[in-house]
Amino acid sequence: MASDLLTIRQASEWATQYLHRNVTPSNISYLTQYGRIQKLTDNGNTLVSKEDLIRYYESYVGKRETKWISILGEDLNWALSFDYLKESERTKHVHRLHPYKGKFIPQLVEYFLDGHTDDFKKGVYFQKGDIILDPFCGSGTALVQANELSMHAIGVDVSAFNALISNAKIAKYNLAELYNEIRKITSSLRQFISGSNTREFGSKLLEFLADFNKRYFPSPEFKIKVRTGQIEEDEYGQAKSREFEQIYKALLSIYKIELKQEKIASNFLDKWYIKSIRQEIDLVRSLIEQVQDTNTRNALTVILSRTIRSCRATTHFDLATLKEPVLATYYCHKHGKICKPLFSILDWWLRYSQDTISRLSQFDKLRTETSQICLTGDSRTIDIIKELGMHYPALAKLARDQKIKGIFSSPPYVGLIDYHDQHAYAYDLFHFERKDQLEIGKLSNGQGPEARKLYIQSISEVLNNCRRFLVDDFDIFLVANDKYNLYPLIAEKSGMRIIKRYKRPVLNRTERDKGAYSETIFHMKAK
């Protein structure tokens, strides 16, 4: 047994030979720190078991780590995967107030902002009371984490809706007032629905669906038969879908349910919502507009936006892609049974209302007496102090007197996301001004040479504009998947140097592609 125990250094040497790749002492320390292998001690020396190491490296998680490092490179910092965190911790309190593509997890922000050091992060770059800037604020993750860490923060985003989400997360609320407004709106919505056949139709449809699915898609027997090749899923699913559609059409006729809106689709709301859903959305929106308190109204706006995102007329497996409106029942590959479109927003409104109150309450217990705000504007040209002066004069004075200590941000990637389009439903419903033409790296520009050239120029302009508000000895951390190696030139054009790269695996992606993927955190300073 004694020969099975190794020091951290011995373990790294053994693992290097066992895996045929370089395994550092820091890699082994990470495994003990996060409970991947047991940490033993002998006269103050840390020891690990060779048997524990073998068991880990042969496990799913261990094999994934080994495989990804072989694909993505030996410089991959697995500690920054945060793979030890539960999903609920990665989306804690207000961080899941509204869906948003392309956001980073709060622990990544915290890692670089807080006061700890380790084998990878050798220095402390920010202190309590510092001001942090995020010029690509997105959904406000950096603002929230700055608050938790007793730091002030300023965000800038070209999207008015992104600014709304960010500011809703860090605002202070009278939760009793918010709850009361939710209760009143819910009561009006129930009364509105009671005057139609929608709820009765929905209950009857669910009753027929449950019976049909139990008969033809029993769980787990159906999925086992699909997996073992006894049933050809697509053919069987489509056949049964057509069979149930006759029942569905009969119920629509009996309850006189109209699916399509009267007007020709001219915008997102006209195209992607069943008539009864659209009517309920318009009702709730009109009630929210009557709320006097700005913060309460913004929170209700976020709840309604989150609700209607879940109520679009599409399949469960195409929520992120939106191919064509689906107004009929269908075979659902995600759930392995016949599913239906939604006919009322009530259930989702109730779920998200309760969730929002809970998350705001959780964050309220953690918040510090610091200031955060997201400004709507173009980070290439915005005068941060001037804009703050109009919206938040106290923070403007602080930023002018002590200056901003640095930046933590995740710039948009080249040709990956159209940031306004991902929330098209909210822009249509709440009449936010769209500024698609100001997006950097937008999907429609593609990823070709001209798009990359424009991207380099745009990000450089952002950094050059922002650095005039920073202290002389600033620290900038930018998170990017730089597959085209653009950031060295961006740094050069911004009068900066990249002093360190932290390369991390991205494990918890929402896309169907779960392949090996990494991003780099570039630490930049003035030349």
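Position 1 is the first residue of the sequence, and the numbers go up from there.
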Engineer: Apply the test side-chain hydrogen bond (donor to acceptor under 3.5 Å, both in side chains) to residues E207 and S203: give CA-CA distance (whole Å), side-chain angles for both, the deciding distance (0.1 Å), then the verdict.
Structural biologist: CA-CA 6 Å; E207 182 183 322; S203 297; over 6 Å; no
Engineer: Strictly below 4.0 Å, N to O, side chains only: are K184 and E181 in salt-bridge contact?
Structural biologist: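 Looking at E181 together with K184, the answer is yes, because their closest N to O distance falls below 4.0 Å.
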Engineer: Under the side-chain contact (heavy atoms from CB on, under 4.5 Å) rule, what do L398 and L388 come out as? Steps first, then yes or no, please.
Structural biologist: CA-CA 10 Å; L398 190 67; L388 279 177; over 6 Å; no
Engineer: Does any N or O in the side chain of D134 come within less than 3.5 Å of the main-chain N or O of S409, such that one atom is a donor and the other an acceptor?
Structural biologist: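 Looks like no, no N/O pair under 3.5 Å.
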Engineer: If I compare all heavy atoms of T314 with all of Y330, which pair ends up nearest, and what's the gap?
Structural biologist: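 Of all heavy-atom pairs spanning T314 and Y330, the closest is O-OH, 4.1 Å.
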Engineer: Check whether E433 reaches the backbone of A160 with its side chain - one donor and one acceptor, N or O, closer than 3.5 Å.
Structural biologist: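 Looks like no, no N/O pair under 3.5 Å.
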Engineer: Are H423 and F432 an aromatic pair by the rule of ring centers under 6.0 Å?
Structural biologist: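 No; F432 has its ring centre 6.0 Å or more from that of H423.
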Engineer: I need the L486 CG to I456 CD1 distance, nearest 0.5 Å.
Structural biologist: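 That separation rounds to 4.5 Å.
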Engineer: Does some side-chain heavy atom of F244 sit less than 4.5 Å from a side-chain heavy atom of L209?
Structural biologist: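 Yes, side chains in contact.
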Engineer: State, without any angle test, whether R468 and N465 hold a side-chain donor-acceptor pair at a distance under 3.5 Å.
Structural biologist: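 Their side chains do contain a donor-acceptor pair, which is all the 3.5 Å distance test asks for.
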Engineer: What are the two closest non-hydrogen atoms of Q447 and K483, and how far apart are they?
Structural biologist: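 Closest approach of Q447 to K483, heavy atoms only: OE1-NZ, 3.7 Å.
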Engineer: As a quick check of understanding, evaluate side-chain contact (heavy atoms from CB on, under 4.5 Å) for Q457 and R380, giving each step before the final call.
Structural biologist: CA-CA 10 Å; Q457 182 63 31; R380 289 167 290 197; over 6 Å; no
Engineer: Is it true that R359 and D355 make a salt bridge, defined as a side-chain N closer than 4.0 Å to a carboxylate O?
Structural biologist: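 Salt bridge flag = yes for D355 with R359.
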Engineer: Can you tell me how far apart CD1 (I274) and OG1 (T198) are? Round to the nearest 0.5 Å.
Structural biologist: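 Output value for this atom pair is 10.0 Å.
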Engineer: Indicate the ring-plane relationship of Y111 and F82, choosing parallel, tilted or perpendicular according to the 30° and 60° boundaries.
Structural biologist: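 Perpendicular, since the angle between the ring planes exceeds 60°.
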Engineer: Name the one of K92, K169, K128 that satisfies salt bridge (Lys or Arg N to Asp or Glu O under 4.0 Å) with E148?
Structural biologist: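 Only one of K92, K169, K128 forms a salt bridge (Lys or Arg N to Asp or Glu O under 4.0 Å) with E148, namely K92.
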Engineer: Without swapping roles, check the side chain of S276 against the backbone of F343 for a donor-acceptor pair under 3.5 Å.
Structural biologist: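 Judged by distance alone, yes, a pair lies under 3.5 Å.
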Engineer: Search all heavy atoms of A168 against all heavy atoms of Y173 and return the closest pair with its distance.
Structural biologist: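 Looks like O-OH, 2.6 Å.
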Engineer: Using the rule given for side-chain contact (heavy atoms from CB on, under 4.5 Å), can you reason through F268 versus R312, listing the C-alpha separation, both sets of side-chain angles and the distance that settles it, and then say yes or no?
Structural biologist: CA-CA 10 Å; F268 193 97; R312 295 170 294 182; 3.7 Å; yes
Engineer: Atom CH2 in W349, atom CD in Q354: separation rounded to 0.5 Å?
Structural biologist: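 It comes to 11.5 Å.
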Engineer: Strictly below 4.0 Å, N to O, side chains only: are R199 and D347 in salt-bridge contact?
Structural biologist: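 Between D347 and R199 there is a salt bridge, with a charged N closer than 4.0 Å to a carboxylate O.
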Engineer: Considering non-hydrogen atoms only, spot the tightest contact between I373 and H391 and give its length.
Structural biologist: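 Answer, listing the atom of I373 first, then H391: CD1-CB, 4.0 Å.
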Engineer: For the atom pair CD1 (I407) and CG (L463), what is the distance rounded to the nearest 0.5 Å?
Structural biologist: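 Output value for this atom pair is 6.0 Å.
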Engineer: Could you check whether any side-chain heavy atom of D421 comes within less than 4.5 Å of a side-chain heavy atom of Y427, counting everything from C-beta outward?
Structural biologist: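 No, every pair of side-chain atoms sits at 4.5 Å or beyond.
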Engineer: Less than 4.5 Å apart, side chain to side chain, heavy atoms only: is that true for I132 and L149?
Structural biologist: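 No, their side chains stay 4.5 Å or more apart.
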Engineer: Sub-3.5 Å donor-acceptor pair from the side chain of R434 to the main-chain atoms of D428, do we have one?
Structural biologist: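 It does not hold such a pair.
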Engineer: In terms of ring plane angle, is the pair Y502 and F112 parallel, tilted or perpendicular, where the classes change at 30° and 60°?
Structural biologist: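 Answer is perpendicular, since the angle exceeds 60°.
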Engineer: Which of these passes side-chain hydrogen bond (donor to acceptor under 3.5 Å, both in side chains) with H316: K334, H335, H333?
Structural biologist: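 Result: among K334, H335, H333, H335 is the only option passing the side-chain hydrogen bond (donor to acceptor under 3.5 Å, both in side chains) with H316.
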Engineer: With no hydrogens and no angle check, is any side-chain donor or acceptor of S361 less than 3.5 Å from a backbone partner on I357?
Structural biologist: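 Not at all, since once roles are kept as given, no pair shorter than 3.5 Å links the two residues.
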Engineer: Is the closest basic N to carboxylate O distance between D378 and K435 below 4.0 Å?
Structural biologist: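 So D378 does not pair with K435 through a salt bridge.
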Engineer: I'd like to know whether the aromatic ring centres of Y331 and F217 sit less than 6.0 Å apart in this structure.
Structural biologist: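 Ring centres of F217 and Y331 closer than 6.0 Å.
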Engineer: Where do Q372 and N147 come nearest, in terms of heavy atoms and distance?
Structural biologist: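 The answer is OE1-ND2, 2.8 Å.
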Engineer: Before accepting this row, confirm whether a basic side-chain N of the pair E262/R278 lies closer than 4.0 Å to the acidic partner's carboxylate O.
Structural biologist: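 Not counted as a salt bridge, because no side-chain N and carboxylate O are separated by less than 4.0 Å.
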Engineer: Under the ring-ring contact (aromatic ring centres under 6.0 Å, His included) test against F477, which residue among F104, Y487, Y125 passes?
Structural biologist: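 Going through F104, Y487, Y125 one by one, the ring-ring contact (aromatic ring centres under 6.0 Å, His included) with F477 is satisfied by Y125 alone.
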Engineer: When you look at S310 and Y352, which way does the side-chain hydrogen bond (donor to acceptor under 3.5 Å, both in side chains) test go after all the steps?
Structural biologist: CA-CA 10 Å; S310 295; Y352 291 145; 2.8 Å; yes
Engineer: Would you indicate whether the side-chain heavy atoms of N481 and Y517 approach each other to under 4.5 Å?
Structural biologist: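 Yes, side chains in contact.
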Engineer: If you draw the axis of the six-membered ring of F126, does the NZ or CZ of K405 fall within 45° of it and under 6.0 Å from the ring centre?
Structural biologist: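 Yes - K405 lies over the ring of F126, closer than 6.0 Å to its centre and within 45° of its axis.
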Engineer: Look at the side chain of K103 and the backbone N and O of H95, then say whether any donor-acceptor pair between them is shorter than 3.5 Å.
Structural biologist: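 Checking the backbone N and O of H95 against the side chain of K103, a donor-acceptor pair under 3.5 Å is found.
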Engineer: Looking at F212, I'd like to know if its CZ atom is crowded, meaning that more than 12 non-hydrogen atoms belonging to other residues, nucleotides or ligands lie closer than 6.0 Å.
Structural biologist: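 Correct, the count exceeds 12.
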Engineer: With a 3.5 Å distance limit and no angle check, can you tell me whether Q145 reaches the backbone of V109 through a side-chain donor-acceptor pair?
Structural biologist: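 Such a contact is absent between Q145 side chain and V109 backbone.
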Engineer: I want to check something: taking the side chain as every heavy atom from C-beta on, are V302 and L164 in contact at a cut-off of under 4.5 Å?
Structural biologist: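 The answer is yes, as the side chains (C-beta and beyond) meet within the 4.5 Å cut-off.
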Engineer: L350 versus R190: any side-chain heavy-atom pair under 4.5 Å?
Structural biologist: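 Counting from C-beta outward, L350 and R190 do come under 4.5 Å.
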Engineer: So, R96 side chain and T91 main chain: donor-acceptor pair closer than 3.5 Å or not?
Structural biologist: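 Such a contact is absent between R96 side chain and T91 backbone.
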Engineer: Report yes or no: does Q107 contribute a side-chain atom to a donor-acceptor pair with the main-chain N or O of E89 at less than 3.5 Å?
Structural biologist: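 Yes, the answer is positive, given that a donor and an acceptor are paired below the 3.5 Å cut-off.
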Engineer: Taking only Lys NZ, Arg NE, NH1 and NH2, and the carboxylate oxygens of Asp or Glu, determine whether E369 and K172 approach each other closer than 4.0 Å.
Structural biologist: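 A salt bridge links E369 with K172.
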Engineer: Is the Y392 to H152 ring centre distance short of 6.0 Å?
Structural biologist: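 Ring centres of H152 and Y392 not closer than 6.0 Å.
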Engineer: With a 4.5 Å heavy-atom cut-off, do I131 and K403 have their side chains touching?
Structural biologist: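 No, too far: nothing below the 4.5 Å cut-off.
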Engineer: Any non-hydrogen side-chain atom of D475 less than 4.5 Å from a side-chain atom of F408?
Structural biologist: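 No, their side chains stay 4.5 Å or more apart.
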Engineer: Given 3.5 Å as the limit, does a donor-acceptor pair link the side chain of S166 with the main chain of N162, or not?
Structural biologist: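 The answer is yes, because a donor-acceptor pair under 3.5 Å joins these two groups.
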Engineer: Take D157 and Y419 through the side-chain contact (heavy atoms from CB on, under 4.5 Å) test and state the conclusion after the steps.
Structural biologist: CA-CA 10 Å; D157 204 284; Y419 287 90; over 6 Å; no
Engineer: Give a yes-or-no answer on whether the side chains of T141 and Y100 include a donor-acceptor pair shorter than 3.5 Å.
Structural biologist: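 Y100 and T141 do not have a side-chain donor-acceptor pair below 3.5 Å.
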Engineer: So, taking the atom named CG in D364 and the one named NE2 in H93, what distance separates them when rounded to the nearest 0.5 Å?
Structural biologist: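 Reported to 0.5 Å precision, the distance equals 11.5 Å.
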Engineer: Taking all non-hydrogen atoms of both residues into account, name the closest pair between A399 and I385 and its distance.
Structural biologist: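 Heavy atoms of A399 and I385 come nearest at CB-CD1, 3.6 Å.
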